[in-house]
Amino acid sequence: KAIYKGKPEEEIKALIDVIKGSKPDVLGVCEIGSAKDLTDFQTRLKTAGIDLPHIHRVVGADTVRALAILSRYPIVGTATPKKLDYTVSGIDFKISRGILDATIQLPNRKVRFLGVHFKSKRPIKEADQELMRRSESMLLRQHIDDILATTPDAQVIAYGDFNDTKRTKSVYSVRGRSNSPKRMEMIECADSRGENWTHNWKREDIYSRFDFAMVNLNLAPHINKEACKLLDPKTWELASDHRALLVLIK
C-alpha cells in the first residue's frame, strides 16, 4: 500500500548530513514532493552550508512524488520530451514521474542532466509493472536519441532510480546498443568496501543496484571515474533506503 506522508525530521536531518558530507555542486533527487517541500529542502541545505540557488522540479502522472535538480551553477535551459505516454495491455499510461531535463552551465562545459524515477516493482491491477518500467525506459531512450539528433555535440548524463538491475531490458534500453554512437556508458560506483548495491529492501534482506548514472560518448572522457563513488556514511540508512551516487565531472 502506498503511503503519502512527509519524511520524519530525524530522517531529514540524516539526509542533510549525507549530502553535506559530499558537498555537491549539482544535486538530483527523487520523491521530493511539492514545490514547497523543495524550497524547504533547499533552505535546509543552505543552512547546512550547501548553497544551491538554482532549481528545477518536474512532475508526471504521480503528482506527489516529484523529480528535482538543485545547482550551484545556472540552469540555462529546460525541456520536456516530445512523448511521455505509452500503452500496455491496451491501456494508456503517462510516465509516472516524468523525465527531468535541465541544462546546466558548469565551469568547464555545458551538461544536459536527465533525471528519472521509473515505475516501482509494486504490482498494480491495471498492467504488468515490468512492462510499464520497460515502456518508461524507452521514453527516456527516445528522448536521448532526439537530443543527439538535433544537437550531436551535446554532453548528456542520465541518472536516477531505475527500479531495475543492470542487465534488465529497461536498463539496457536506456544504455542502447554497444556499437551505437548514441550509446550511454554506465558510471561504475562503489562504496568504501568496494560494494556497488544502492538499495536495501530491509523486509526481505535484499540488496540491489537500482540507481544508475550513465553518460553519452561526448561526456564520458570528462568523468573522473576513479573519484566516483557511492556514499555510505553511518547515517545513510536512516536517511533513505537508497544510497547516493557521487559523480565527478572534470
Side-chain angles (χ1 to χ4, degrees), residues 1-73 75 96-100 102 104 113 115-122 159-163 189-193 195-213 228-248:
K1 182 179 180 181
I3 299 173
Y4 299 95
K5 63 178 182 180
K7 200 172 185 68
E9 281 295 323
E10 183 184 23
E11 294 181 11
I12 294 174
K13 183 180 182 304
L15 179 65
I16 297 296
D17 287 344
V18 170
I19 297 168
K20 182 179 178 181
S22 66
K23 297 181 175 62
D25 293 309
V26 178
L27 177 65
V29 294
C30 300
E31 298 192 6
I32 190 60
S34 67
K36 183 179 178 181
D37 294 327
L38 177 56
T39 301
D40 176 68
F41 181 50
Q42 183 185 35
T43 301
R44 290 173 186 261
L45 286 170
K46 187 173 183 178
T47 300
I50 309 297
D51 188 11
L52 304 174
H54 308 283
I55 58 175
H56 180 53
R57 175 177 170 271
V58 168
V59 295
D62 180 350
T63 57
V64 176
R65 299 174 182 85
L67 295 167
I69 194 164
L70 303 90
S71 175
R72 174 184 171 189
Y73 302 108
I75 297 175
S96 298
R97 284 93 188 208
I99 295 174
L100 182 147
I104 298 178
F113 290 80
V116 293
H117 180 192
F118 292 148
K119 169 74 180 77
S120 72
K121 290 184 177 294
R122 182 183 294 114
Y159 66 91
D161 178 1
F162 284 53
N163 268 316
C189 298
D191 64 14
S192 59
R193 296 171 296 182
E195 298 177 358
N196 63 4
W197 57 269
T198 65
H199 176 262
N200 174 216
W201 185 16
K202 201 170 216 178
R203 192 178 74 180
E204 296 292 342
D205 284 339
I206 295 175
Y207 295 82
S208 306
R209 183 181 180 186
F210 281 169
D211 306 87
F212 298 94
C228 296
K229 61 183 179 179
L230 288 175
L231 303 182
D232 62 344
K234 292 181 179 179
T235 56
W236 80 263
E237 196 170 16
L238 181 59
S240 174
D241 55 348
H242 291 255
R243 301 198 294 177
L245 283 70
L246 180 67
V247 175
L248 279 294

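Here the structure is a predicted model, which means the values were calculated and not measured. This chain uses plain numbering: 1 for the first residue, then up along the sequence.
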Under the ring-ring contact (aromatic ring centres under 6.0 Å, His included) test, residues paired with W197 that sit two or more places apart: Y207, W236
Please step through side chain to side chain contact (heavy atoms under 4.5 Å, CB included) for the pair V26 and V247, ending with a clear verdict. CA-CA 10 Å; V26 178; V247 175; over 6 Å; no
Rounded to the nearest 0.5 angstrom, the CG-CD1 distance for L15 and I12 is 8.0 Å
Between N196 and R209 (side chain of the first, backbone of the second, donor and acceptor by atom type, cut-off under 3.5 Å), is there such a pair? no
What one should report as the nearest heavy-atom pair of I69 and L100 is N-CD1, 3.7 Å
Residues two or more places apart in sequence or in another chain: which of them pass salt bridge (Lys or Arg N to Asp or Glu O under 4.0 Å) with R57? none
Anything under 3.5 Å between a donor and an acceptor, one on a side chain of residues 43-55, the other on a protein residue two or more places apart or in another chain? List them.
residue : atom : partner : partner atom : Å
T43     : OG1  : T39     : O            : 2.9
R44     : NE   : D40     : OD2          : 2.7
R44     : NH1  : E9      : OE1          : 3.2
R44     : NH2  : E9      : OE2          : 2.8
T47     : OG1  : T43     : O            : 3.0

Name all residues meeting the side chain to side chain donor-acceptor pair (under 3.5 Å) criterion together with D211; count only those two or more places apart in sequence or in a different chain, and write none if there are none. T198, H242
Using side chain to side chain contact (heavy atoms under 4.5 Å, CB included) as the criterion, list what pairs up with C30, not counting sequence neighbours. L67, H117, D161
Can you tell me how far the CZ atom of R243 sits from the CG atom of L245, to the nearest 0.5 Å? 9.5 Å
Nearest atoms (heavy-atom pairs only) where L246 meets C189: O-SG, 4.3 Å
Can you name the residues that form a ring-ring contact (aromatic ring centres under 6.0 Å, His included) with F210, not counting sequence neighbours? H199
Please identify each residue that fulfils ring-ring contact (aromatic ring centres under 6.0 Å, His included) with Y73, with sequence neighbours left out. none
For the student: nearest non-hydrogen atoms of S71 and I75, plus distance: CB-CG1, 4.4 Å
Are I99 and V58 close enough that some pair of their side-chain heavy atoms sits under 4.5 Å apart? no
Quick one: side-chain hydrogen bond (donor to acceptor under 3.5 Å, both in side chains) pairs with a partner in residues 20-33, sequence neighbours left out? D25-R72
Among all residues two or more places apart in sequence or in another chain, which pass the ring-ring contact (aromatic ring centres under 6.0 Å, His included) test with F41? none
Can you name the salt bridge (Lys or Arg N to Asp or Glu O under 4.0 Å) partners of K7, sequence neighbours left out? E11
Could you list the residues that satisfy salt bridge (Lys or Arg N to Asp or Glu O under 4.0 Å) with E237, not counting sequence neighbours? K202
Listed by chain and number, what are the salt bridge (Lys or Arg N to Asp or Glu O under 4.0 Å) partners of R193, not counting sequence neighbours? D191, E195
